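Worth saying up front: this structure is predicted, and the values here are computed from it rather than measured. Counting from 1, the numbers follow the sequence of the chain as shown. As a basis for the values below, the full set of heavy atoms in this structure was taken, side chains included, without hydrogen atoms, waters or symmetry mates.
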Amino acid sequence: MTQIINPATLNVIAEPRETPIEAIEAIVARAQRAQRTWVRLPQSHRIDALRRVAVAVRSNLEDLALLETANVGKPIGDSRGEVGMVADTFDYYAGAVDKYYGNTIPVDGGLDFTVREPIGVVAVIAPWNFPLAIASWNIAPALACGNAVIVKPAEMTPLSILKFEEIIREVDLPDGLFQVVTGRGSVVGQALTEHPGVGKISFTGSTETGQTVMRTAAGTMKRLTLELGGKSASVVFADADLALAAQASTGAVFGNSGQDCCARSRVLVERSAYDDFVALFSEATGRLVVGDPMNEGTSMGPLVSAAHLAKVGSFLDGSLNILSPAANQEAPGHWMAPHIVLDPPRDHRVVREEIFGPIVAILPFDTEEDAIALANDTIFGLSGSVWTRDIGRSLRVARGMETGSISVNSSTSVRIQAPFGGFKQSGMGRELGMAAMDGYTETKNIFISTAI
Ligand code: NDP
């Protein structure tokens, strides 16, 4: 049994079962049997089943949102939005089932074409920061493409995924097509990564664990989608709408208390606008409410755990020039108010490492080239924003930044319809959009001779 703690109250809220390691063999075998049934069903059945998952999620939206908030500490409004996105994701991939196909290829002597076939059994290893939402980005396209899915939620945050498993029992999926295993990543997660019956791992988490998964998966040549860490930048030019850029950049780093792989934990500001921007950013940060995530007006809940709070706090050392304009919440939860670090040395940890908490570094730059070089001076490449009214510059900088997604005059990173994933050590493969379907299928080429 694992004790699940509400990070806002420190109360134990559940003690879910842990999947014994000896059970993995039977779980994978069940998934393989279910997948063989699933892939043979008419595609209309698959479409209908995915739509019914969306309906089931919507009718349980409040329960799922309450669980997500109690388990992760995120504001209830955010949890509702995420659960709504889960339903929309299943609808999107229900619609994708009959719109995803191969190519015909001009060759001599016959007809050559490709078909896309499911991989088989997919293991989704999910993180704790967006437990159900990120899992759904992988579960929905995997099922749409004809695979079976086994999900391993993060040990600290399994509740919404376990509830999801329960509510979709009313959808008539083949027995074993969707299963959840719980327990430690280094035990059950590792067992799935090693198992020859699992064809693909979709992993979201740290770059370090992603590397371990990649090494282990190499033993059976598994397909991989890895969505890993980030050190994303908002790049703000002096001609931008500074008030809007400051307001949005605040949300882009302090949303989910900074526990977001897309968090723009570096804000790079053109030197001539630096002081004005810092004043606006600090004002916007001061309006954030750190407190009970069950309250509608809360902007930031606690961090997920005591260990994580300690890790994030370790970034703040006495050498830094720090502002902290929002009030912190009293104990007992794992609270941390937002912190703004002004013009730190470019080689400081706060500029170089993923923090995954409510700390932002605001650095000045002098030229467009300097801004691009600074934005790219990281091992990561997940997301980013550019703020300017100059369309040519927005495109030059967006193209120059080595990241999987960029928003111009916006702080959003994720849209269900668009591909999402990282350059460099932020990962490989793409989630969401039709691009995700490529990650859940193999390409088969068929040639039919016309010679006879
Ligand atoms: P991990 O990367 O260790 O965990 C992510 C998932 O992988 C969890 O489900 C975990 O299970 C599982 N896992 C752990 N070890 C293995 C393994 N050997 N084989 C297979 N699966 C495994 O993240 P942490 O929770 O330790 O967070 C550490 C840091 O990672 C954070 O501070 C943050 O910087 C980053 N992170 C990034 C995320 C992102 O969205 N890109 C999401 C989460 C974290 P279990 O929880 O049971 O250990």
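In summary, the side chains of Thr220 and Lys222 do present a donor paired with an acceptor at a separation below 3.5 Å, with no hydrogens or angles considered. Between the side chains of Thr225 and Tyr440, no donor N or O sits under 3.5 Å from an acceptor N or O. Side-chain contact of Asn138 with Glu431: a donor-acceptor pair under 3.5 Å is present, judged by distance alone. Ser413 and Arg264 share a donor-acceptor pair across their side chains, judged by distance under 3.5 Å alone. Using modelled atom types, one finds a donor on one side chain and an acceptor on the other under 3.5 Å when comparing Ser160 with Glu68. Judged purely by distance below 3.5 Å, without hydrogens or angles, the side chains of Arg116 and Thr443 pair a donor atom with an acceptor atom. Side-chain atoms of Lys231 and Ser265 include a donor-acceptor pair closer than 3.5 Å. Neither side chain, Thr212 nor Thr209, offers a donor N or O lying under 3.5 Å from an acceptor on the other. Side-chain N/O atoms of Asp390 and Thr388 include no donor and acceptor closer than 3.5 Å.
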Worked check of salt bridge (charged side-chain N to carboxylate O under 4.0 Å, His left out) between Asp91 and Arg51: CA-CA 5 Å; Asp91 270 338; Arg51 291 224 186 275; 3.4 Å; yes
With salt bridge (charged side-chain N to carboxylate O under 4.0 Å, His left out) as the test, would you mind laying out the steps for Glu82 and Lys74 before giving the verdict? CA-CA 10 Å; Glu82 286 171 30; Lys74 60 178 70 211; 2.9 Å; yes
Any chance you could lay out the salt bridge (charged side-chain N to carboxylate O under 4.0 Å, His left out) test for Arg271 and Asp366, step after step, and finish with the verdict? CA-CA 6 Å; Arg271 197 177 296 276; Asp366 291 304; 2.7 Å; yes
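Within a 6.0 Å sphere centred on CD of Gln417, other residues, nucleotides and ligands contribute more than 12 heavy atoms.
Atoms CD and SG, from Glu354 and Cys261 in turn, are 7.5 Å apart once rounded to the nearest 0.5 Å. Taking CZ of Arg184 as the start and CD of Glu155 as the end, the distance is 6.5 Å to the nearest 0.5 Å. In this structure, the separation between NE2 on His308 and CE on Met336 is 9.5 Å, given to the nearest 0.5 Å. A distance of 12.0 Å separates CD in Glu270 from CG in Asp276, rounded to the nearest 0.5 Å. For the atom pair OG1 (Thr250) and CG (Leu280), the distance works out to 9.0 Å, reported to the nearest 0.5 Å. With values rounded to the nearest 0.5 angstrom, Trp387 atom CH2 is found 4.5 Å from Leu244 atom CG.
Residues Pro358 and Met300 come closest through the heavy atom pair CB-CE, 3.6 Å. Here the shortest heavy-atom pairing between Ile5 and Val12 reads CD1-CG2, 4.0 Å. The two residues Met214 and Leu226 come nearest to each other via the heavy atoms SD-CD1, 4.0 Å. In this structure, Ser257 and Pro302 approach most closely via the heavy-atom pair OG-O, 3.9 Å. Closest non-hydrogen pair, Arg266 versus Val351, comes out as CD-O, 3.5 Å.
Taking the centre and axis of the six-membered ring of Phe237, the NZ or CZ atom of Arg393 falls inside the cone set by 45° and 6.0 Å.
Distance alone, capped at 3.5 Å, is enough to place a donor-acceptor pair between the Thr182 side chain and the Arg17 backbone.
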